[in-house]
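Working notes, structure below.
Small disclaimer: the values here were computed from a predicted structure and weren't measured.
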Amino acid sequence: MARQRLERYTAALEFAERQVAALVERHPDYFPIYTENGRWKHGGELWTDWTGGFLAGMMWQFHIRTGDATWRQRAEYYSRLLEHRQHDRNVHDLGFIFLSTYLPWYELTGERQLHDVLIQAGRTLAMRFQDRGQYLRSFVAPESLFIDIMMNVPIIFYAANETADQELRRVALTHCRTTRDTIVRADGSTAHEGIFDLATGEFLRESTHQGLRADSRWARGLGWSLYGFSKVYALTKLDEMLEVSERNARFWLDRLPADGVPLWDFDADPTAPPPFGAQKESSAGAIAASGLLDLAGQTKSPERAKAYRETGLTMLDRLVTPEYLASETPTWEGILKHGVYHTEKNLGVAESVMWGEYFFVEALTKAVTRESILAKG
Ligand code: GLY
């Protein structure tokens, strides 16, 4: 069984390499966000420019797994194109951009200049901190906190750990606690957005941009929280952070449909038509699968470790079938079909999305590496 799975996952990774190689050959220096009818190049709205690190990050993943020098050259080249973003104060996505690119690059080389970029990116993101409210504001407005930021705050912890900067650590930790106390619910589900009173800092209400409703359970947001709090636990070793990730995981495991891929929102009506009803969201599945594989190594419960790992692999087993993997869809330029970007704006619905591609590759790479070790006994 382990061998069959290893072969299927390896074949999916090889397909992913071919799709990314075709993309960079067809559209050099281009960082797409989502496909339209399976094509990366189109004039559709971006909403916000946050996904460059995922394309370059896949190149690093490919290089690290295979040792291929061409992937290394491409990874360095595409990462350099993103370097100026270390000063970008318009997005809350600097963790996405730099932890998938400059971090693996720095870990491979130990070059000081790469380290400096990571530290600067952490410092830039920390500038989003709102004293009134005690959170990092989202890109949309000062009164807004997004659950997505949980995947980016790790770069502030990274910078704090590397520089022993206690103020950076305070900002990052305070943001996590505010997120937990406002938009992570007791049952482990999450709201997409929290809205605060700018004058008093008081938390006012849940809200959403990409979920079904303010009080619904947007699947990708839950994935961001599960994986984000697990990353923060890895960087802080604070049990209170592990507790949130495990609460998210419990909700995920309890509510995941039997076929292993969530609808775009856990409150979407599966009997209603897409895009607001029965629309699968493969990128949420890929994010959660990757997070669960990590969480399996973090939890203190052997039973939960087994459940997290099995669920992560079950989701990947489904995503590597031709229903999701584009390997048998001839003109499709992406890797993973049935992702969703923004339902309300009708952007990238039932398409390939760049973060879905990245976390799918990341999760498969983790699984293959560990399976290889297991297979070798
Ligand atoms: N971070 C934006 C999204 O998840 O679509």
Side-chain angles (χ1 to χ4, degrees), residues 92 94-96 99 122 125-126 128-138 144-196 201-206 217-218 220-255 287-288 290-309 311-312:
H92 56 240
L94 298 183
F96 282 138
L99 293 175
L125 184 60
R128 306 190 75 78
F129 194 68
Q130 293 280 122
D131 277 324
R132 291 207 178 117
Q134 303 278 290
Y135 58 91
L136 298 159
R137 64 183 181 275
S138 83
S144 158
L145 172 163
F146 273 17
I147 195 67
D148 320 35
I149 298 171
M150 281 310 305
M151 286 292 281
N152 292 287
V153 72
I155 198 163
I156 306 182
F157 282 110
Y158 179 82
N161 289 349
E162 293 293 305
T163 59
D165 185 328
Q166 290 308 314
E167 177 56 12
L168 277 183
R169 184 182 157 82
R170 185 191 70 81
V171 161
L173 195 51
T174 308
H175 172 82
C176 296
R177 288 178 175 150
T178 302
T179 303
R180 174 195 63 193
D181 296 342
T182 55
I183 59 172
V184 181
R185 305 181 184 114
D187 68 357
S189 69
T190 52
H192 180 196
E193 185 183 35
I195 300 293
F196 291 74
E202 183 195 353
F203 173 68
L204 296 176
R205 62 179 184 279
E206 296 179 343
R217 282 75 64 98
W218 177 46
R220 188 158 69 256
L222 185 59
W224 291 146
S225 185
L226 184 164
Y227 198 176
F229 277 101
S230 125
K231 279 182 182 292
V232 171
Y233 174 66
L235 286 156
T236 62
K237 296 287 176 255
L238 288 172
D239 286 345
E240 61 178 301
M241 299 293 140
L242 181 62
E243 183 277 323
V244 185
S245 181
E246 294 214 66
R247 211 182 330 148
N248 298 146
R250 194 161 56 243
F251 186 90
W252 190 278
L253 266 58
D254 286 350
R255 299 291 295 265
I287 294 158
S290 195
L292 285 170
L293 292 180
D294 282 3
L295 199 55
Q298 294 175 317
T299 181
K300 290 157 185 144
S301 153
E303 294 78 31
R304 290 201 295 274
K306 189 162 177 285
Y308 298 154
R309 180 179 156 74
T311 304

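- Ring pair H192/F146 is tilted by interplanar angle, where 30° to 60° counts as tilted.
- P154 approaches L99 most closely through the heavy-atom pair CB-CD1, 3.9 Å.
- Between atom OG1 of residue T174 and atom CD of residue Q130 there is a gap of 13.5 Å, rounded to the nearest 0.5 Å.
- The two residues L292 and W252 have their closest heavy-atom pair at CD1-CD1, 4.3 Å.
- Between V153 and C176, the shortest heavy-atom contact is CG1-SG, 3.9 Å.
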Let me see the working for K306 and E303 under salt bridge (charged side-chain N to carboxylate O under 4.0 Å, His left out), right down to the final yes or no.
-> CA-CA 5 Å; K306 189 162 177 285; E303 294 78 31; over 6 Å; no

Evaluate the criterion side-chain hydrogen bond (donor to acceptor under 3.5 Å, both in side chains) for residue pair Q298 and S230; output intermediate values, then yes/no.
-> CA-CA 8 Å; Q298 294 175 317; S230 125; 3.2 Å; yes

Stepwise, does the side-chain contact (heavy atoms from CB on, under 4.5 Å) test hold for T190 with F251?
-> CA-CA 10 Å; T190 52; F251 186 90; over 6 Å; no

Kindly indicate, with the supporting measurements, whether the criterion side-chain contact (heavy atoms from CB on, under 4.5 Å) is fulfilled by R220 and I287.
-> CA-CA 8 Å; R220 188 158 69 256; I287 294 158; 3.6 Å; yes

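- Annotation: the span from E193 atom CD to W218 atom CH2 amounts to 10.5 Å, rounded to 0.5 Å.
- Under the 4.0 Å criterion applied to side-chain N and carboxylate O atoms, R255 and D187 are not assigned as salt-bridge partners.
- L173 approaches F157 most closely through the heavy-atom pair N-CZ, 3.6 Å.
- Of the N and O atoms on the side chains of Q134 and T178, not one donor lies less than 3.5 Å from an acceptor on the other residue.
- When side chains are defined from C-beta on, K300 counts as touching D239, because their heavy atoms get closer than 4.5 Å.
- In terms of heavy-atom proximity, S225 sits nearest to N248 at OG-OD1, 2.8 Å.
- Residues I155 and L94 share a closest heavy-atom pair of CD1-O, 3.8 Å.
- Within the 4.5 Å cutoff, no side-chain heavy atoms of R137 are placed close to those of F196.
- Once rounded to the nearest 0.5 Å, the distance linking OH of Y158 with CG of L235 reads 9.5 Å.
- A side-chain donor-acceptor contact under 3.5 Å links S245 to the backbone of L226.
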Kindly determine whether Y227 and M151 satisfy side-chain contact (heavy atoms from CB on, under 4.5 Å), including the steps that lead there.
-> CA-CA 7 Å; Y227 198 176; M151 286 292 281; 3.5 Å; yes

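- Relative to the six-membered ring of Y233, K237 meets both conditions, a distance below 6.0 Å and an angle of at most 45° to the axis.
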CA sep, side-chain torsions, deciding dist, call: E243, R247, salt bridge (charged side-chain N to carboxylate O under 4.0 Å, His left out) = CA-CA 6 Å; E243 183 277 323; R247 211 182 330 148; 2.8 Å; yes

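- No donor-acceptor pair closer than 3.5 Å links the side chain of S189 to the backbone N or O of R185.
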Can you check side-chain contact (heavy atoms from CB on, under 4.5 Å) on F229 and V184, steps first, answer last?
-> CA-CA 11 Å; F229 277 101; V184 181; 4.1 Å; yes

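- Checking side-chain atoms of R169 against main-chain N and O of N161 turns up no donor-acceptor pair under 3.5 Å.
- Between the OH atom in Y308 and the CG atom in D294 there is a gap of 12.5 Å [rounded to 0.5 Å].
- Side-chain N or O atoms of T299 include none that pairs as donor or acceptor with a backbone N or O of L295 at under 3.5 Å.
- Distance check, rounded to the nearest 0.5 Å: CG of L293 to OG1 of T311 gives 10.0 Å.
- Distance alone, capped at 3.5 Å, is enough to place a donor-acceptor pair between the N152 side chain and the F96 backbone.
- Atoms CZ and CD1, on F129 and I156 in that order, are 9.0 Å from each other to the nearest 0.5 Å.
- Within the 3.5 Å criterion, the main-chain N or O of H175 finds a donor-acceptor partner in the side chain of T179.
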